Engineer: 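One structure coming up, written as structure tokens, with questions to follow.
Atoms within each ligand, like the ligands themselves, are counted from 1 in listed order. Remember, it's a predicted structure, so these values are computed and weren't measured experimentally. Side chains included, hydrogens not; waters and symmetry mates left out as well; all remaining heavy atoms used.
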Amino acid sequence: MVWFTIDRQSSVPLIHQIYIELSERILRGELKAGAAIPSSRQLAAELHVSRNVVLQAYDQLQAEGYIESQYGSGTFVSEGASFPESGERMVEPFIPEMEVLEMKQRSGDSSYISFRSGTPALDLFPRSKWARLAQRIILESPESAFGYGQPEGREELRKALTAYLLRSRGVRCHPSQLVITSGATQAISLIGRLLGGEGRTAILEDPITRDIQTIFASLGAQLHPIPVDEQGMLTQQLPSDYRPSFIYLTPSHQFPTGGTLPIQRRIQLIEYARTTGCYLVEDDYDSEFRYEGAPVSALQGLEPDKVIYIGTLSKILSPALRMGYIIFPHPLIEKGRRLKWFSDLHTPSLEQLTLAHFIEEGHLERHVLKMKRVYRKRRDMLIRLLKETFGEQVTIRGQGTGLHLIADFQGIQFTEELLAELDHEGVGLQAVEKHAMEKGKREGQVILGFGHLTELEMALGLRILKKVMLQYE
Ligand SMILES: Cc1ncc(COP(=O)(O)O)c(C=O)c1O
């Protein structure tokens, strides 16, 4: 006799509860093929439910092939409705390691101070301008904007971005080369699928965001690290004994160490790409915010045929928009579009249209200019506070661009244990080592994001950091 109870307080309907109980037992093989199922009358009496409820559950089980009734002799479990028993152990699914620092942040705990890199000032998102444009788009767009779109995204946005990127980053392309993506992260995945499958080699800067390493590795690519110095990738170490499929790099603002790749190394990379036939994947995630020296142009402008350019709106506007893009050299455009289609058809159209108008009306460039002033102040504040709190013990690196800098401490190792203690004390921090492929070279370095923090939060966070560090020195 099948025995189970049902929960009358549950929001799951009784019919569904009975269906789940029986189907799961059959699937697990606890009720074997040919075993008799109690009659609907019997089960209804046992569970104190109406017979009609049981009959409806049985109807569904029968319709899905779990049970069959034989006229006059009852209802039985069908053949083949359970998973075959196997002595072999199930292969563990591949679950990539994830960046968990921010997830650890206690939700709703506003006193937690996260120095997470790359979060912009969320309080300064241009809400009313965006809301006005979004409303206009929703009220005035043609009906077609509410249907399925093209994988490469809205032409209005691709045109607006093309003009913006030429003005601001020296990127040379035609709107037909763009594919709008869900942030740079999706762009990275698509490129990994396009160029980095089994048996392919990807050259990466070392260190580089661990999530990016994980994405490429999960797609089957062999990762080959090339170390960086304070200017970025050491291009003289590019290998001559094999041909990579692509080289992924952050030339305008190396993540996380902060270097800007000089022209000599850029030329070396382009020459290397030309002779080996590989592509250069340029991730230009936050270089609009450059505080020192002249603006640097994108690598793409030097050799558009060899560079796949990735951009994002996450740092200059908001990561919540999930808006990014890829600029493909001509031979890759069609495949790139197809991959985007397989992935999620296209990025939401109405948001794309809102962004297109936001750019065309000049709001984006004004916002970037305003934010650059805000971030410069916050960066200066953090540098001052670091010097006040740690004096000679700290060297500041990579502070010329972007939303984070590196604090390099003497006589300390940022171990998992130290970071866990810090987290316990209410401060979130990432060690540079976490993103390093070759470990052990940067144990005293941490990444400090400053874009989203007030002076008070920075001061308090650093005070707590100092207290915890004292326990580990
Ligand atoms: C180097 C780098 N590239 C890309 C991204 C991803 O940005 P998105 O929010 O556009 O997916 C990040 C995120 O911080 C990053 O650090």
Engineer: Show me the donor-acceptor pairs within less than 3.5 Å that the side chains of residues 140-147 make with the rest of the protein, sequence neighbours left out.
Structural biologist:
residue: Ser141; atom: OG; partner: Ile137; partner atom: O; Å: 2.7

Engineer: Between His224 and Tyr242, is the ring centroid distance below 6.0 Å?
Structural biologist: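 Aromatic pair counts; centres sit under 6.0 Å.
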Engineer: Are the aromatic rings of Phe246 and Phe216 close, with centres under 6.0 Å apart?
Structural biologist: yes
Engineer: Taking a 3.5 Å cut-off between nitrogen or oxygen atoms, can you list every pair linking ligand 1 to the protein, with distances?
Structural biologist:
residue: ligand 1; atom: 3 (N); partner: Asp283; partner atom: OD2; Å: 2.5
residue: ligand 1; atom: 9 (O); partner: Ser314; partner atom: OG; Å: 2.7
residue: ligand 1; atom: 9 (O); partner: Arg322; partner atom: NH1; Å: 3.0
residue: ligand 1; atom: 10 (O); partner: Ala184; partner atom: N; Å: 2.6
residue: ligand 1; atom: 10 (O); partner: Thr312; partner atom: OG1; Å: 2.5
residue: ligand 1; atom: 10 (O); partner: Ser314; partner atom: OG; Å: 3.1
residue: ligand 1; atom: 11 (O); partner: Ala184; partner atom: N; Å: 3.2
residue: ligand 1; atom: 11 (O); partner: Thr185; partner atom: N; Å: 2.9
residue: ligand 1; atom: 11 (O); partner: Thr185; partner atom: OG1; Å: 2.5
residue: ligand 1; atom: 11 (O); partner: Arg322; partner atom: NH2; Å: 2.8
residue: ligand 1; atom: 14 (O); partner: Lys315; partner atom: NZ; Å: 2.7

Engineer: Applying side chain to side chain contact (heavy atoms under 4.5 Å, CB included), name anything that partners Glu198, two or more places apart in sequence or on another chain.
Structural biologist: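 None.
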Engineer: Ignoring hydrogens and angles, write down the donor-acceptor pairs under 3.5 Å from the side chains of residues 402-410, residues two or more places apart or on other chains.
Structural biologist:
residue: His404; atom: NE2; partner: Pro256; partner atom: O; Å: 3.0
residue: Asp408; atom: OD2; partner: Arg397; partner atom: NE; Å: 2.8
residue: Asp408; atom: OD2; partner: Arg397; partner atom: NH2; Å: 2.9
residue: Asp408; atom: OD2; partner: Gln445; partner atom: NE2; Å: 3.1

Engineer: So Arg463 and Glu425, salt bridge (Lys or Arg N to Asp or Glu O under 4.0 Å) or not? Walk me through it.
Structural biologist: CA-CA 11 Å; Arg463 216 178 308 147; Glu425 292 284 331; over 6 Å; no
